[in-house]
Visitor: 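Input: one structure, supplied below.
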2 protein chains.
Amino acid sequence: MARKRTIDDIARLAGVSKTTVSRVLNNKPDVDPNTRERILRIVKEEGFVPSATAAGLAGGRSHLLGVLVPSFTWPMIPDIVCGIAETIGNTAYELVLYSLNDKTRENGEGDIIDHILSTNLVAGILAVLPGQSSKFVIRLHQHGFPVVLIDDQDDPPLVPWIGADNQCGAYDAVKHLLALGHRRIAHIQGPMKYVCSRERYEGYCQALREHGIPVEPTLVIEGAFDTASGRDAAQTLLSLPEDQRPTAIFAGSDLMAYGVLAFAEEQGIDIPGELALVGFDAIGSSALVRPALTTVKQPFQEMGQRGIEVLLSIIEQSDQQRFNVRSGYARDFMRLSRANVDEPANAPPLRIRLATSLVVRASCGMRQRSPFSSIKSVSR
Amino acid sequence: MARKRTIDDIARLAGVSKTTVSRVLNNKPDVDPNTRERILRIVKEEGFVPSATAAGLAGGRSHLLGVLVPSFTWPMIPDIVCGIAETIGNTAYELVLYSLNDKTRENGEGDIIDHILSTNLVAGILAVLPGQSSKFVIRLHQHGFPVVLIDDQDDPPLVPWIGADNQCGAYDAVKHLLALGHRRIAHIQGPMKYVCSRERYEGYCQALREHGIPVEPTLVIEGAFDTASGRDAAQTLLSLPEDQRPTAIFAGSDLMAYGVLAFAEEQGIDIPGELALVGFDAIGSSALVRPALTTVKQPFQEMGQRGIEVLLSIIEQSDQQRFNVRSGYARDFMRLSRANVDEPANAPPLRIRLATSLVVRASCGMRQRSPFSSIKSVSR
DNA sequence: CTGTTAGCGCGTTCAG
DNA sequence: CTGAACGCGCTAACAG
C-alpha cells in the first residue's frame with residue numbers, strides 16, 4: 001500500500017519537469033529515450049498511477065466509459081455486462097454503470113441521457129438493449145457523442161451497432177424443425193417494434209418458403225418477450241382445431257418458450273412428444289428447464305466485448321479529429337455537447353452482426369444427455 | 001440538450017460569486033434564503049449539473065462508488081448489483097464497476113485493490129462476495145478507507161458487513177424437512193472456509209438437536225457451492241447402505257442442489273418421492289428446474305441496497321471526521337491512503353443480518369401450483 | 001452572510 | 001528535445 005504519488009513527485013525523483021513526465025505517460029514523441037526509460041522505471045518502482053479525475057479535468061477527456069443497461073431482470077444482461085467488464089478491464093478505462101430502474105423509466109428515459117451528458121463524466125456510452133430510450137441515444141450520436149448500441153437498433157441504422165444475426169439464427173432453428181419432419185410450425189414473435197423481432201420473423205418465413213410451406217397467419221402470434229405472453233400465445237395456438245394446430249413452436253425468446261412449457265405442463269401436453277419447441281437466446285436457465293430447451297444461442301459476452309472495442313475506436317477517432325481541428329483553445333466545442341465536431345453521415349455507421357449457433361437439447365425431440373453437467377458451459 | 005454551463009455561468013446569471021453558488025449546491029448553511037432560492041431557480045432553469053470530475057479534484061472526495069464483484073457466473077450477482085444500482089440511482093453518486101475476471105484473479109486479487117486505491121477514483125467500495133480478496137478489503141478498511149462487505153466475512157468480524165441470517169435460514173429449512181417427517185437429513189455444506197457455510201451448518205445442527213437427532217458425520221459432506229460438487233456429494237450420499245441413506249438433503253446452495261437433481265435424474269431417483277431436497281439462495285432458475293426447488297431465499301436486492309446505504313453513511317462520517325481534525329491543509333492525510341484518520345476499533349463494526357424466508361416448492365414434497373407463472377415474483 | 005484567493009493533479013501551449 | 005506558465009471546474013480557507 002504505497003503512498004500515493006503525483007506527477008510532481010515523479011518529476012522530482014527523476015530530476016525533470018512534470019511536463020516531461022506527462023509526455024512520457026501519454027506516449028508523446030519528442031522525448032529523449034534515456035529520459036523516457038528512467039521515468040518509466042521510476043513510475044513502475046513507485047507504483048505511480050495517474051489520477052483519472054485530474055486527467056479528465058485537464059485534458060477534457062475522461063477515462064470512464066458509460067454502460068447503460070435496462071433493468072437487470074432481463075436474463076441476458078449479466079452475460080453482456082460480463083463481456084463488457086472483462087474487456088474494459090484490459091484497458092486503461094473504468095466502467096461506469098447506469099441502469100434504468102422503474103423510476104427512471106417513469107421520469108422519461110431521456111433524463112438519464114441528459115444526466116450522463118451533462119455530468120460529462122464518461123467519454124462515451126455503450127447502450128445495451130436501449131428499447132424506448134433508443135431514440136435518445138441516437139440523438140446523442142447525432143451530436144457527435146461517442147455511442148454504440150447493443151442488440152436493438154432502429155431502421156434504418158443510424159448508430160454503430162452490435163448484434164446477433166437474428167435472421168440466420170431463426171432460419172437455422174426453423175430449418176432444424178423442418179428437418180425433424182415438422183410442417184405446421186408456429187412462431188411466437190417478439191414485439192414487432194424491435195428490429196430483432198422482425199429479423200427473426202423474416203428468418204422463420206425464409207425457412208418455410210424454402211420448403212414451399214406458406215406462412216399461416218394463425219400460426220404467428222406477437223408476444224412481449226416475457227413468460228406470460230408466451231403462455232398466452234401457447235394457449236391460443238394449442239386451442240386451434242386439431243388439423244390446424246402446430247406440431248412445433250419457434251419462440252422468439254427463451255422466456256416466451258418457458259411460457260409454452262408452463263402451459264404444456266398444466267395441460268399435460270408432452271414436449272417434445274406432442275409438440276416440439278425451440279427458443280431464442282440460450283440464457284443459462286434454458287439448460288435447466290425440463291425438457292431442456294433447444295434454442296438459438298446469442299454470443300452475449302462477445303457482443304459486450306465487441307461493443308467496447310468499437311466504442312473505444314470511435315472515441316479515439318473523435319479525439320483525433322478534435323485534435324486536428326483545434327486551434328488554440330477550441331475546447332469550447334466540447335461544451336457545446338461536442339456538436340458537429342465531425343460529419344456523422346460521412347461513413348455509414350458500423351454494424352457488426354455476430355453469428356448465432358443452434359443449441360440442440362431435449363425440447364425439440366432430440367435425445368439429451370447429461371443436461372445438468374452442461375450447466376457450466378452454457379451459463380458462462 | 002442545453003449547452004453545458006459551469007458554476008461561473010450560474011454565478012454570473014445570478015449576480016453572485018461562484019463561492020456562493022457552490023455553497024448553495026452543497027447545502028452549506030450561512031446563505032441568504034432569497035439568494036439561495038434564486039440560485040436554485042437558475043440552476044434548475046439552466047439545467048446545470050456540476051462536474052463530478054472537478055468537484056472530486058477540488059474537494060478531495062469523489063462522487064463515485066466502487067462496486068467490486070467476482071465473476072458474473074455466480075447467479076446471485078445480478079440481483080445484488082440490481083439492488084446496488086437502483087439505490088445509487090437515487091443518490092448523487094455514480095457506480096463504478098470493478099469485476100474480477102479469471103485474469104485479474106491470476107495476478108492476485110490484491111492488484112485490483114491497489115488499482116482502486118491508487119487511482120483514487122472512488123470514495124468507497126462495496127465488495128460483493130470478496131472470497132479470497134476479502135483479506136485485501138480488510139486491509140483497506142484498516143487504513144481508513146470506507147469499505148462494506150456483502151455476504152462473506154471473516155471471523156471475527158472486522159469490517160462493516162451485510163449478509164443474510166444464514167443460521168436461521170438453514171434452521172428453517174431443516175425444520176421444514178423435520179416437520180415433513182424426515183429423520184435422516186443430509187447436508188451438503190458450502191466450503192467451510194466461508195463463515196456463511198459454517199453458519200448454515202450450525203443452523204442444520206441446531207434443528208436436528210432440537211429434535212433429539214444426532215448429527216451423523218456420514219450425512220455431512222463439504223461441497224464447493226457449484227453444481228459439480230453437489231452431484232458428487234449426492235452420489236456419495238445415495239451410495240450409502242440403504243439403512244443409512246438420507247431421505248432428505250439440505251444443500252448449502254441452489255447450485256449444489258441442482259447437482260443432486262442431476263444425479264437423481266440420471267439414476268431414476270424420484271424427487272420428492274424417494275428423496276426430499278431443499279436448497280439455499282433462491283436464485284431465479286430454481287423456480288424453473290423440475291421438480292421446482294424448495295429453497296431458502298436470500299434478499300439479494302435488499303442486501304445491495306443496505307450495503308450502499310451503509311457505505312454512504314461511512315463515507316459521510318469519515319468526511320465529517322476529516323473535517324473536524326483538519327487544520328489548514330491537512331489533506332495529506334488522504335494521500336497517505338487516508339491512514340489513521342480515525343480509530344476503526346472505536347465502535348464494533350456494523351453488521352446487518354437480513355432475514356431469509358423459506359420458499360416451498362415441489363422438491364421437498366409439497367404440492368406445487370403453477371410454477372412457471374411464479375417466475376416473475378421469484379426472479380425479481 | 002459574502003467575496004477573494006489558492007490550489008486539487010494533470011494536459012497543453014508556447015517559448016526556449 | 002525541454003520547461004515554465006496557464007487553465008480545466010470546483011471547493012475550502014480566510015478575511016471582510
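Just so you know, these numbers use all the heavy atoms, side chains as well, and skip hydrogens, waters and symmetry mates. Just so it is clear: chains get the letters A, B, ... in the order the sequence lines come, proteins before strands, and each one is counted from 1.
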Visitor: Between Thr20(B) and dG3(C), does any side-chain N or O lie under 4.0 Å from OP1 or OP2?
Guide: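 Yes, Thr20(B) has a side-chain N/O under 4.0 Å of OP1/OP2 on dG3(C).
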Visitor: When you get a sec, tell me which of dG9(C), dG9(D), dG3(C) is the closest nucleotide to the side chain of Ala58(B)?
Guide: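 Nearest listed nucleotide: dG9(D).
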Visitor: Show me the donor-acceptor pairs within less than 3.5 Å that the side chains of residues 123-130 of chain A make with the rest of the protein, sequence neighbours left out.
Guide:
none

Visitor: I want to confirm an ordering. Mapping Val16(B) and Ala54(B) to their closest nucleotides on DNA chain C, which one lands closer to the 5' end?
Guide: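 Checking each residue's closest nucleotide, the 5'-ward one belongs to Val16(B).
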Visitor: Looking at Thr6(B), I'd like to know whether one of its side-chain N or O atoms comes within less than 4.0 Å of OP1 or OP2 on dC8(D).
Guide: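 Result: no.
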Visitor: Sequence neighbours left out, what passes salt bridge (Lys or Arg N to Asp or Glu O under 4.0 Å) with Arg36(A)? Give chain and number order.
Guide: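 Once residues adjacent in sequence are excluded, Arg36(A) has no partner under the salt bridge (Lys or Arg N to Asp or Glu O under 4.0 Å) criterion.
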Visitor: Side chains of Gln305(A) and Glu309(A) only: does a donor on one sit below 3.5 Å from an acceptor on the other?
Guide: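 Indeed, the side chains of Gln305(A) and Glu309(A) share at least one donor-acceptor pair under 3.5 Å.
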Visitor: With respect to the phosphate group of dC10(D), does any side-chain polar atom (N or O) of Ser22(B) fall under 4.0 Å of OP1 or OP2?
Guide: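 No, no such contact exists.
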Visitor: Give a yes or no on whether a donor-acceptor pair under 3.5 Å exists between the nucleobase atoms of dG9(D), that is its base, and the side chain of Arg5(B).
Guide: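 By the distance-only test, no, there is no pair.
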Visitor: Just to verify, which of Asn90(A), Thr87(A), Ile162(A) counts as forming a side chain to side chain contact (heavy atoms under 4.5 Å, CB included) with Ile308(A)?
Guide: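 Result for side chain to side chain contact (heavy atoms under 4.5 Å, CB included) with Ile308(A): Thr87(A).
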Visitor: Under 3.5 Å, is there any donor-acceptor pair linking the side chain of Thr19(B) to the base of dT4(C)?
Guide: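 Between dT4(C) and Thr19(B), which were checked side chain against base, a qualifying N/O pair under 3.5 Å is present.
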Visitor: Using only side-chain N and O atoms of Lys28(B), determine if any of them is under 4.0 Å from OP1 or OP2 of dA12(D).
Guide: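 Yes, because at least one side-chain N or O of Lys28(B) sits under 4.0 Å from OP1 or OP2 of dA12(D).
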Visitor: Considering the terminal five base pairs at each end of the helix from dC1(C)-dG16(D) to dG16(C)-dC1(D), what angle separates the two local helix axes, rounded to 10°?
Guide: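 Comparing the first five pairs with the last five, the axes sit 40° apart.
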Visitor: Would you name the heavy atoms of Ser62(B) and Leu121(B) that are closest together and state the gap between them?
Guide: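 Closest approach of Ser62(B) to Leu121(B), heavy atoms only: OG-O, 2.7 Å.
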Visitor: In terms of side-chain heavy atoms of Ile7(A), which of dG9(D), dT2(C), dG11(C) is nearest?
Guide: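 Of dG9(D), dT2(C), dG11(C), dG11(C) is nearest to the side chain of Ile7(A).
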Visitor: Taking atom types as modelled, is there a side-chain donor on Ser22(A) or Thr19(A) under 3.5 Å from an acceptor on the other?
Guide: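 No donor-acceptor contact under 3.5 Å links the two side chains.
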Visitor: Of all the nucleotides listed (dC10(D), dC1(D), dT2(C)), which has the minimum atom distance to the side chain of Thr35(B)?
Guide: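 Minimum distance to the Thr35(B) side chain belongs to dT2(C).
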Visitor: Using a cut-off of 4.0 Å on non-hydrogen atoms, how would the nucleic acid contact of Asp32(A) be classed: base, sugar-phosphate, or nothing?
Guide: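 Sugar-phosphate contact only.
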Visitor: OP1 or OP2 of dG9(C) less than 4.0 angstrom from a side-chain nitrogen or oxygen of Ser51(A), does that happen here?
Guide: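 Negative; the distance criterion is not met.
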